[in-house]
Amino acid sequence: MSDPVTPAAPANRFRDSLSNGEFVLLVESSSPSLSNDPIAAGERLAAFEEAVLSVSNVNTALAVTDRYLSLDAWRAVEYANALREENRDRHVIYLSGRNTTGEELRQLSDAAAKSRLFNVVPVSGNCVPGDTLRECRKRVFSESVGVIRNLAERKEPFFLGGTTNPYAYTPFTMMGQYFKLVKKLNAGASFVVAQAGWDMLKLQSLRWYFSGRSLFYPMIARLVLLTPNLVEKILAGEYPGINISPDFQKILEKELRYSLNQFEAAQYRRLELQAAGCRLLGFSGIQLAGAETPGRAKIAAERIGNALREFNSFDSWLEEYNSYLARAEMSPFTGSFYLYDHTLRRAYPDEEIPVARDFGEPEITPGEKFRFKLRRFLFPHADRQRAESRRLLKKLFASCRGCSSCRLPKTEFICTEGCPKRLPNGPCGGVKPHGNCEIAPGECVHSRIVRLAHWNGTLPALEDEILDSGWDD
Ligand code: SF4
């Protein structure tokens, strides 16, 4: 009897590009509204795919986003079925946990596996634009950490990405983002996608933090090709997690006073510089938003391909980048926090583990101190007891909402159920740059946890625990 032969893993050119260090350009296509005729929508996607893949000076593929800003849209898994079968291993699809139960996610994962769409980026999802806090609280948000773990445990060869928002400008929001990303990597993500923004220092800090901890995962930076309409929408807050700094806004307003052609030329040049900079900072690729017609996508991709050739040294790139942006301040407010000194003076840190800036004294109110001490006194071992134990006291003193496993001692005695999306593992991508919640008034629950951990002196231990174990819910 012959030995059973292990079936060869299916080809995955996207995974291979990342592991071979071949720079990847993913061009975004959003799943269309359900009111669109599916055949016509499929034909449009096929035409888009053809245009993107016809670009020869850079390694291109698609990233199909999943009901990004609306609920009235096709699921990316269904929509991506219109992609040519032989190309599906090149592309990436998103899987949103918003308004999606665990069972629905299982069915969508089955459908992705059946269609051989194995490159998947699970996200917890934004609030729907226009949602009130109450409406948002009523929605189901299946958190990306758990979805990544479930997909990683399946028998099919899913190749998973984890997203993060590096544009966080307090140490506590920023560390919350980094910790959550570590959990995603520990859960089974093999590459990273950074939320869109324009602050290259923040992209560099992300790289330095992870490489300083020997977490050498391929990273893809999401960039946006701006149009006047998009600028307006971002400024109106319609794209949670994407922010334009006051200085950058002034530059854009100046550019908008010129003709549309001149505005476009300025955006293409900015995009080229950002894309080339990302590669020189060690990113493995970029994901381009805002170029959703075949013509625009092709022009943008070709220009990016040329820019990658134009800039092959960090110093020449930096000189051009600084002169083009006239050293505009990309941080959203005075006193914004950056983790490292002297970023963007050199591409890589001089030390193996770059020295981080001090977080300073956190502002803690007397009320916060009192609540922390009271809860620690009342519930020191709540994570080792049945969740129902001392429920009434927890309701009274820790705003307990009655979840099935209590983790108060692990979260500085702040119940993560206070998050409108009930995300247990860390901040969503919609958290505001100064640490406020995407939808609720006041500080993000997860930012508050990190701030209290810093005050309490437990932040290094929390970081070590997450780095070592990927502790999650
Ligand atoms: S509390 Fe934080 S994680 Fe929850 S919705 Fe608000 S910003 Fe997002």
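We count ligands from 1, going down the list as the structure has it; atoms in each ligand are counted the same way.
Geometrically, Lys202 engages Tyr338 in a cation-pi contact defined by less than 6.0 Å to the ring centre and at most 45° from the axis. Annotation: cation-pi pair Arg139/Phe141 absent, no NZ/CZ under 6.0 Å from the ring centroid and within 45° of its normal.
The pair Glu368-Arg451 counts as a salt bridge, with a side-chain nitrogen and a carboxylate oxygen less than 4.0 angstrom apart. For Arg422 and Glu143, the salt-bridge test fails: no basic side-chain N is under 4.0 Å from an acidic carboxylate O.
The aromatic ring centroids of Trp455 and Phe372 lie less than 6.0 Å from each other.
Across all their heavy atoms, Pro122 and Leu151 have their closest contact at CG-CD1, 3.9 Å.
At a cut-off of 2.8 Å, measuring from atom 6 (Fe) of ligand 1, the protein N, O or S atoms that fall short of it are Cys437 SG, waters left aside.
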